[in-house]
Amino acid sequence: MPDSPQATLLIQTAFIGDVILMTALLEYLHHAEPATPVDVLVRRGNEGLLTGHPHVRQVLIWDKKHRKYAALWDLLGQIRAAHYGRVVTLQRFASTGFLTAFSKAKERVGFAKNPLSRFFTRRVPHHIGDGTHEVTRNLRLLSKAVPTPLVPPRLYPSAADEAAVAGYAAAGPYICLAPTSVWFTKQYPEAKWLELLATLPPKVRVYLLGGPPDVAACERLAAASGRENVVSIAGKIGLLASAALMRGAVMNYVNDSAPMHLCSAVGAPVTAVFCSTVPAFGFGPLAPTSFVVETREPLDCRPCGLHGHGACPLGHFRCAYGIEVGQLLATLPVDVARTL
């Protein structure tokens, strides 16, 4: 019998949304190279996204908050000891370039913008702003011919995740709303979310979603809405459970942030609000039922950055306040919209 192929290591130690989008490569490899074992390296805190993932053999973890660079060196030793046949970094930073360049893998792949890409065996161009989706950019690391239609990211909530949200889902038709973002200028303002909540059909339950850092904001929004059927479950369920709940919603309202990618990864209907950022950066929704909502006002200052800011650089935040709630309501399914 021929020897089993050497394993591939995918490196993505950025944010939650980046890890979710990386899962499209897992789907691609599963179909293109089903015999190749695949490991993934993520930052500590994001490993839960891949719990029970059927196409991942092992998850390696980089703890960036404790002995960051000593841990990086330890990881290099672990990677070398694994004798990977291919190491692929999805990032353009020196740290992951270091792990890739000196991995001793026969194939060392990454973007040409990585400072250590001269040590890669394959360097791939990277462009942001031309409308190319991040999934396409990432797939080009594995294949010159990106499959059509585009391979979507995918997550696999467990039976326990499904059970954790079964009670919420059984309460009747519901909407999920993820109102926060790490970046202020990516976040639809609280006053606008309250305006939306006041206009949504009164009989439709609304669940506010978020992680532990979002609990206060979600509870404040639920209280300020004055609606008994607006419930904050921020911090009460994990990411995969959130994805399972969003899959059953009549609509999910999100910012340009991780919950949008959760929807893409489970095929959940989604309306994505883009404030200071634009879909042309390549991070738009990929779910079958997807809507992008932006201000209709032409603004010379938009986009003001790839990731957003802690405050509007010009102080007016018109890219967010200019988005009308009616634009969000227009994406509701017809049978729900009729109850308005």
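Quick caveat: nothing in here was measured; it's all calculated off a predicted structure. In what follows, residues are counted from 1 in the order of the sequence shown.
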Check: In terms of the angle between their ring planes, are Phe119 and Phe102 parallel, tilted or perpendicular, with boundaries placed at 30° and 60°?
Finding: tilted
Margin query: Do the side chains of Glu228 and Arg205 get close enough for a salt bridge, i.e. N-O under 4.0 angstrom?
Written below: no
Next item on the list: Describe, in one word, how the ring planes of His307 and Trp183 are oriented to each other, choosing from parallel (under 30°), tilted (30 to 60°) and perpendicular (over 60°).
Entry: parallel
Notebook entry, point to check: Looking at Val204, Ile175, Thr271, which hits side chain to side chain contact (heavy atoms under 4.5 Å, CB included) with Leu332?
Noted result: Ile175
Notebook entry, point to check: Centroid-to-centroid, Phe317 to Phe184, below 6.0 Å?
Noted result: yes
Item checked: Donor on one side chain, acceptor on other, Asn229 and Tyr174, under 3.5 Å -> no
Next item on the list: For the pair Thr289 (side chain) and Pro269 (backbone), establish whether a donor and an acceptor sit closer than 3.5 Å, ignoring hydrogens and angles.
Entry: no
Check: Hey, which of Arg123, Arg108, Arg92 is the one that makes side chain to side chain donor-acceptor pair (under 3.5 Å) with Ser117?
Finding: Arg123
Checklist line | Distance-only donor-acceptor check, side chains Thr13 and Gln91, under 3.5 Å | finding: yes
Next item on the list: Take Ser181 and Ser257, measure what side-chain hydrogen bond (donor to acceptor under 3.5 Å, both in side chains) needs, and give me the verdict at the end.
Entry: CA-CA 6 Å; Ser181 170; Ser257 57; 5.0 Å; no
Note to self: For His126 and Phe111, take the angle between the two ring planes, folded into 0 to 90°, and tell me which bin it lands in: parallel under 30, tilted 30 to 60, perpendicular over 60.
What the structure shows: perpendicular
Check: Can the positive tip of Arg137 be found less than 6.0 Å from the middle of the six-membered ring of Phe283, inside 45° of the ring normal?
Finding: yes
